[in-house]
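By convention in this document, chain letters (A, B, ...) are assigned in the order of the sequence lines, proteins followed by strands, and residues within each chain are numbered from 1.
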2 protein chains.
Amino acid sequence: MTERKLSSTNFYNQSYLEEKCALNELLSLLSKRWMTEVLFSIEEGNTRFTNLKEDLEHISDHILAERLKMLEQHELISKSYLPGNPPRTEYELTAKGIELSELLGGVCTFAENKMQF
Amino acid sequence: MTERKLSSTNFYNQSYLEEKCALNELLSLLSKRWMTEVLFSIEEGNTRFTNLKEDLEHISDHILAERLKMLEQHELISKSYLPGNPPRTEYELTAKGIELSELLGGVCTFAENKMQF
DNA sequence: AATTAGGCACTCATTAAATAGTTAGCATGA
DNA sequence: TCATGCTAACTATTTAATGAGTGCCTAATT
C-alpha cells in the first residue's frame with residue numbers, strides 16, 4: 001500500500017466526503033477491485049488463502065492479501081491461525097460481515113433487475 | 001473522459017468482474033467521487049447545475065458535468081431544458097433513481113452504525 | 001445603436017495522484 | 001525441497017483536479 005499525499009486537493013476532497021457521510025467511506029472500501037468478490041467467496045465457504053485464490057481466478061496474491069487485510073481491519077472478516085503442520089489460516093465472516101453481505105444482496109438484485117449497463 | 005486502454009489486465013479484470021456480477025458495475029459507478037452526493041443533492045431539491053455546484057462546495061464544474069452525464073446515461077436522473085430567457089436545465093431523479101437512493105439510505109445507516117473507520 | 005459585462009452550462013487539454021498488476025522472493029515447518 | 005501465506009519494489013493504468021475557454025443570452029453602459 002503506497003502512501004497518500006496528504007496535501008493534495010484530491011486527498012482533501014476524499015476526506016471531506018468521507019467525513020460528510022459514512023456511506024462514502026464504505027463505498028470507497030467496497031468498490032476496490034475484488035473486494036466484494038472476496039467477501040462473497042468467503043461467505044460461500046472458501047476459508048483459506050489458497051481456496052480464495054483459486055476461486056477468484058484472476059486475482060493476484062498481492063491484491064488478495066491486501067483485501068483480506070482491509071476486510072479484517074474493518075471487522076467484516078476474522079482471521080484465525082490453525083496450528084499444525086504447514087501453519088494455515090482461516091478466514092470467516094463476522095456478524096457485521098454477514099449483515100453487510102445481506103445488504104449488498106439487495107443492492108445486487110437492484111443492479112441486476114433495474115440497471116442496464 | 002479519457003480513453004481506456006483496452007488491452008490491459010487492469011481493464012480485463014474490471015470487465016470480468018462487471019460481467020460476473022452487476023453489483024460490481026453499480027459499485028464502480030457509485031463510488032466515483034461525488035457521485036452519491038450529486039444524487040442526494042438532487043433528491044434534496046437542487047435541480048439546477050449552479051444549485052448543485054453551490055450545494056456541493058468543493059466540486060469542480062468538470063466533475064459535476066461528468067457525474068450528471070453518467071447518472072443520466074444510467075437513467076437515474078432525467079434532464080429537461082426549460083425554455084426561456086437564459087435557457088436553463090433541470091435535473092430530477094427518475095423512479096429508478098428514487099429506488100436506488102432509498103436502498104443507499106439503508107446502506108448508509110449500516111455504515112454509520114456498524115462500521116468504525 | 002453598439003459595446004461591454006456577466007451568468008449559465010458546460011468542454012478541452014494538461015497535470016497530479018491513486019489504484020492495480022507484475023515479478024521476485026521470504027519464512028516456516030513437515 | 002515443497003507448499004502455504006504472505007511482502008516488497010516497481011511499472012502500468014485509471015481517476016481526479018486545474019485552469020482556461022466556449023456559445024448563448026440578457027442587461028447595463030457609452
Side-chain angles (χ1 to χ4, degrees), chain A residues 1-18 24 27-35 37-38 46-54 56-72 77 79-91, chain B residues 1-18 24 27-35 37-38 46-54 56-72 77 79-91:
Chain A
M1 310 194 201
T2 34
E3 288 300 305
R4 296 197 67 154
K5 186 166 180 190
L6 303 180
S7 63
S8 62
T9 302
N10 194 329
F11 175 73
Y12 174 82
N13 280 348
Q14 181 68 27
S15 314
Y16 166 78
L17 290 172
E18 292 186 352
N24 288 315
L27 281 177
S28 92
L29 178 72
L30 292 178
S31 66
K32 289 191 191 305
R33 198 169 294 171
W34 302 102
M35 189 62 89
E37 300 300 324
V38 173
N46 298 297
T47 56
R48 306 244 319 287
F49 194 91
T50 325
N51 277 173
L52 291 164
K53 220 178 108 164
E54 281 164 16
L56 307 171
E57 291 185 68
H58 306 291
I59 201 173
S60 69
D61 291 16
H62 177 78
I63 295 291
L64 178 55
E66 200 172 282
R67 295 305 179 251
L68 287 169
K69 198 175 290 177
M70 286 177 168
L71 287 169
E72 198 197 349
I77 63 174
K79 177 177 182 176
S80 31
Y81 298 89
L82 305 180
N85 332 26
R88 294 151 190 285
T89 50
E90 200 177 56
Y91 295 96
Chain B
M1 308 197 202
T2 32
E3 289 300 304
R4 293 197 69 155
K5 185 165 181 189
L6 303 180
S7 63
S8 62
T9 303
N10 195 329
F11 175 73
Y12 173 82
N13 280 347
Q14 181 67 27
S15 314
Y16 165 77
L17 290 171
E18 292 186 352
N24 288 316
L27 281 178
S28 92
L29 178 72
L30 291 177
S31 67
K32 286 189 192 307
R33 200 169 293 173
W34 301 102
M35 190 62 91
E37 299 299 324
V38 173
N46 299 296
T47 56
R48 306 242 320 287
F49 192 90
T50 326
N51 277 173
L52 290 165
K53 217 179 113 163
E54 281 164 17
L56 306 171
E57 291 183 69
H58 306 292
I59 201 173
S60 68
D61 291 18
H62 177 78
I63 295 291
L64 178 54
E66 202 172 282
R67 295 305 179 253
L68 287 169
K69 198 174 290 173
M70 287 177 164
L71 287 169
E72 200 198 346
I77 62 173
K79 178 177 182 175
S80 30
Y81 297 90
L82 305 180
N85 334 22
R88 292 152 190 287
T89 50
E90 199 177 57
Y91 296 97

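A close approach under 4.0 Å does not occur between any side-chain nitrogen or oxygen of A:Arg33 and OP1 or OP2 of D:dT14. Side-chain nitrogen and oxygen atoms of A:Lys32 include none within less than 4.0 Å of the OP1 or OP2 phosphate oxygen of C:dA20. When the side-chain nitrogen and oxygen atoms of B:Trp34 are compared with OP1 and OP2 of D:dA17, one or more of them lie within a distance under 4.0 Å. At least one side-chain nitrogen or oxygen of B:Arg48 sits closer than 4.0 Å to the OP1 or OP2 atom of C:dA9. Listed pair B:Ser8 / D:dT14 meets the phosphate criterion, a side-chain N or O lying under 4.0 Å from OP1 or OP2.
A:Tyr91 has its side chain out of reach of A:Asn46: every pair of non-hydrogen atoms, C-beta onward, lies at least 4.5 Å apart. The closest side-chain heavy-atom distance from B:Ile59 to B:Val38 is below 4.5 Å. Between A:Arg48 and A:Leu52, every side-chain heavy-atom pair lies at or beyond the 4.5 Å cut-off.
With no hydrogens or angles considered, no side-chain donor-acceptor pair links B:Asn24 and A:Arg33 at under 3.5 Å.
B:Asn46 places its CG atom 14 Å from the P atom of C:dC8, with the value rounded to the nearest Å. Atoms CD (A:Glu72) and C1' (D:dC6) sit 13 Å apart, rounded to a whole Å. In this entry the distance linking CD1 of B:Ile63 with C1' of C:dT14 reads 14 Å, nearest Å. For A:Leu27 and C:dA18, the CG to P distance is 19 Å, given to the nearest whole Å. Distance, A:Leu64 CG to C:dG21 C1': 14 Å, rounded to whole Å. Rounded to whole Å, the distance from CG on A:Leu52 to C1' on D:dC6 is 13 Å. Going from atom CZ of B:Arg4 over to atom P of D:dT14 covers 5 Å, rounded to whole Å. In this structure, the OH atom of A:Tyr12 is 11 Å from the P atom of D:dT18, given to the nearest Å.
Residue contacts for B:Thr50: at a heavy-atom cut-off of 4.0 Å it reaches the sugar-phosphate backbone alone, with no base atom in range. Among the protein residues, B:Thr9 comes within range of the sugar-phosphate backbone only, with heavy atoms under 4.0 Å from sugar or phosphate atoms but none that close to a base.
The nucleotide whose nearest atom lies closest to any side-chain atom of B:Lys5 is, among C:dT22, C:dG21, D:dT14, D:dT14. In this structure, of C:dA20, D:dA16, D:dT15, it is D:dA16 that holds the atom nearest to the side chain of B:Arg67. Among the nucleotides D:dT14, C:dA18, D:dT18, the one closest to any side-chain atom of B:Phe11 is D:dT14.
In this pair, A:Tyr16 and B:His58 present their aromatic rings perpendicular. The plane angle is above 60°, beyond the 30 to 60° band.
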For side chain to side chain contact (heavy atoms under 4.5 Å, CB included), just list the numbers for A:Gln14 and A:Arg4, CA-CA rounded to whole Å, side-chain angles, deciding distance to a tenth of an Å, and then say yes or no. CA-CA 11 Å; A:Gln14 181 68 27; A:Arg4 296 197 67 154; 4.1 Å; yes
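Residues forming a salt bridge (Lys or Arg N to Asp or Glu O under 4.0 Å) with A:Lys53 (at least two apart in sequence, or on another chain): A:Asp61. Contacts of A:Phe11 classified as ring-ring contact (aromatic ring centres under 6.0 Å, His included), with partners at least two apart in sequence or in another chain: none.
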Check nucleotides 10-13 of chain C for protein N or O atoms closer than 3.5 Å to its own N or O atoms and list the pairs.
from, atom 1, to, atom 2, distance (Å)
C:dC10, OP1, B:Lys79, NZ, 2.9
C:dC10, OP2, B:Tyr91, OH, 2.4
C:dC10, N4, B:Asp61, OD2, 2.6
C:dT11, OP1, B:Lys69, NZ, 2.9
C:dC12, N4, B:His62, ND1, 3.1

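Between B:Asn10 and B:Glu54, the residue anchored closer to the 5' end of DNA chain C is B:Glu54, taking for each the nucleotide with the nearest heavy atom.
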